[in-house]
Number of protein chains: 2
Amino acid sequence: MSELNAVPAPKKGRPGVDRQYVLDTAVTAFIEFGYDATSMGMIAERLGLSKAAVYHHYPAKAEMLGAALDEALGGLEGVLLEAGAHTGSAEERLSYVLRGAVHILTSRLPYVTLLLRVRGNTDVEREALRRRREFDRSVTALVAAARDEGSVRSDIDPRVVTRLLFGMINSIVEWYRPDGPESADQLANEVLAMALEGLSAT
Amino acid sequence: MSELNAVPAPKKGRPGVDRQYVLDTAVTAFIEFGYDATSMGMIAERLGLSKAAVYHHYPAKAEMLGAALDEALGGLEGVLLEAGAHTGSAEERLSYVLRGAVHILTSRLPYVTLLLRVRGNTDVEREALRRRREFDRSVTALVAAARDEGSVRSDIDPRVVTRLLFGMINSIVEWYRPDGPESADQLANEVLAMALEGLSAT
DNA sequence: TGCATTATTTACCGGTCGTTCAGTTAGTAT
DNA sequence: ATACTAACTGAACGACCGGTAAATAATGCA
């Protein structure tokens, strides 16, 4: 906890924009135009800097993407490490993880949005896809455990169930906006309700 | 029925590849690398032709995308025109349309895959997004009607319900493969079951 | 055979891309 | 003042992009 949160800022040399601001500007542009269609020149323009200045903060365009994807994946993987993911029945653990995933989606919206658009055309993207599949595998195991427990329907393959579940959850990035009328907690409740009980009136 | 299905092939002049083959090759590449990252040269290479030859069949890269998106949107809009979309209770009509959407997703998989990745950076993409939103609006109306009927839960906004529903359904393009072990009909049954009854054991 | 028609190729254009490099500017520390 | 350091600039690079023009090749038909 001592050095992980340590971001003291060196205080030497000419002041300028910081790495995080550069990254967020790039990510915003990546989302707006797509990664490939976003040029370094556009990012530089939005920062009010020259194209070469961007390379002072990140050595390559792909490294900016990599840093963004790491933010998203770190958040999701973090949920699996929390106590709630290992406490109680399989159904309780599954609910905890799904709710945690919704929380990461909303709190790190731009990064996760980028992650969900990655298709694996470069090494950076393939590594991100690998970690994402790993996360999916953990949740699939939770679904299978909940099914063995008798708390989740057993007529559909757990892998299909998990994919449909994440199809629903991940779609949040397509339309959720933090400044909208709906709070993140309320959204999580609605998503969990739809996922568990479905569309039909009870 | 007379001229719509009429694709007789003129039978005159030098033989060559036909438009549909060019389009399908382009769409496959678009999906694999992304639209922007796919160059006309790559499409030409896969066709075994020169870059200029591709321009003989389609006047621009964007028109290939437009033709593909039209295939997807035409299919979805067609579901709303079928008799089943206007027959019976709102719940029955909704089920019919959802099942129809799954059918189009699986039967026109590459085209719909492309449609679901469109972000609206060009005129062609913006027009496609407009038609897609129109389709969504029709389904939202069906959900609202089913809620008024009492057959669909009333504790969640119909717009949120519809978005989550299509989040689940649309995710099919991310993992469904026609040559896999699962038939399209079986998949449709599972998706409908998850959407209507949810995850929980009954 | 020759003509119309369709398909395709070679060569090229202007422009944009990600990236690099040598040098300059604006601050802090002594 | 002077030294040091991080932040930044302008110009250029080779590669590749979407698209075009004009010539050529291959077919059916008269």
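Proteins get letters first, then strands, A, B, ... in listed order; numbering begins at 1 in each.
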Engineer: Could you tell me how far apart B:F33 (CZ) and D:dC16 (P) are, to the nearest whole angstrom?
Structural biologist: 15 Å

Engineer: Do B:S151 and B:E149 pair up side chain to side chain, a donor and an acceptor below 3.5 Å, judged on atom types alone?
Structural biologist: yes

Engineer: Do any side-chain atoms of residues 163-175 of chain B form donor-acceptor pairs under 3.5 angstrom with protein atoms, and if so which ones, sequence neighbours left out?
Structural biologist:
unit_1 : atom_1 : unit_2 : atom_2 : d
B:N170 : ND2    : B:F166 : O      : 3.2
B:S171 : OG     : B:M168 : O      : 2.7
B:E174 : OE1    : A:R119 : NH1    : 2.8
B:W175 : NE1    : B:S171 : O      : 3.2

Engineer: Heavy atoms only, 4.0 Å cut-off, all strands: where does A:S39 land among base, sugar-phosphate and nothing?
Structural biologist: sugar-phosphate

Engineer: What is the distance, to the nearest angstrom, from the CG atom on A:D36 to the P atom on D:dC17?
Structural biologist: 12 Å

Engineer: In terms of side-chain heavy atoms, does B:E125 have a donor or acceptor partner in B:Y35 at a distance below 3.5 Å?
Structural biologist: no

Engineer: Figure out the CG/C1' separation between B:D18 and C:dT6, and round it to whole Å.
Structural biologist: 14 Å

Engineer: Between B:I43 (CD1) and D:dC17 (P), how many Å, whole number?
Structural biologist: 11 Å

Engineer: Nearest-Å distance, NZ (B:K51) to P (D:dA21)?
Structural biologist: 14 Å

Engineer: Using distance alone, with no hydrogens and no angle criterion, decide if B:R99 and B:N189 have a side-chain donor and acceptor under 3.5 Å apart.
Structural biologist: yes

Engineer: Of B:Y35 and A:S50, whose closest DNA chain D nucleotide lies nearer the 5' terminus?
Structural biologist: A:S50

Engineer: Using a strict cut-off of less than 4.0 Å between a Lys/Arg side-chain nitrogen and an Asp/Glu carboxylate oxygen, indicate whether A:R131 and A:D70 qualify as a salt bridge.
Structural biologist: yes

Engineer: D:dA15 P sits how many Å from A:M40 CE, rounded?
Structural biologist: 20 Å

Engineer: Using a strict heavy-atom distance below 4.0 Å, which residues from residues 52-66 of chain B are in contact with DNA chain D?
Structural biologist: B:A52, B:Y55, B:A60, B:K61

Engineer: Is it true that B:R46 and B:E32 have a side-chain N and a carboxylate O under 4.0 angstrom from each other?
Structural biologist: yes

Engineer: Could you tell me the separation between the NZ atom of B:K12 and the P atom of D:dG28, rounded to a whole number of Å?
Structural biologist: 12 Å

Engineer: To the nearest Å, how far apart are A:Y21 OH and D:dC8 P?
Structural biologist: 11 Å

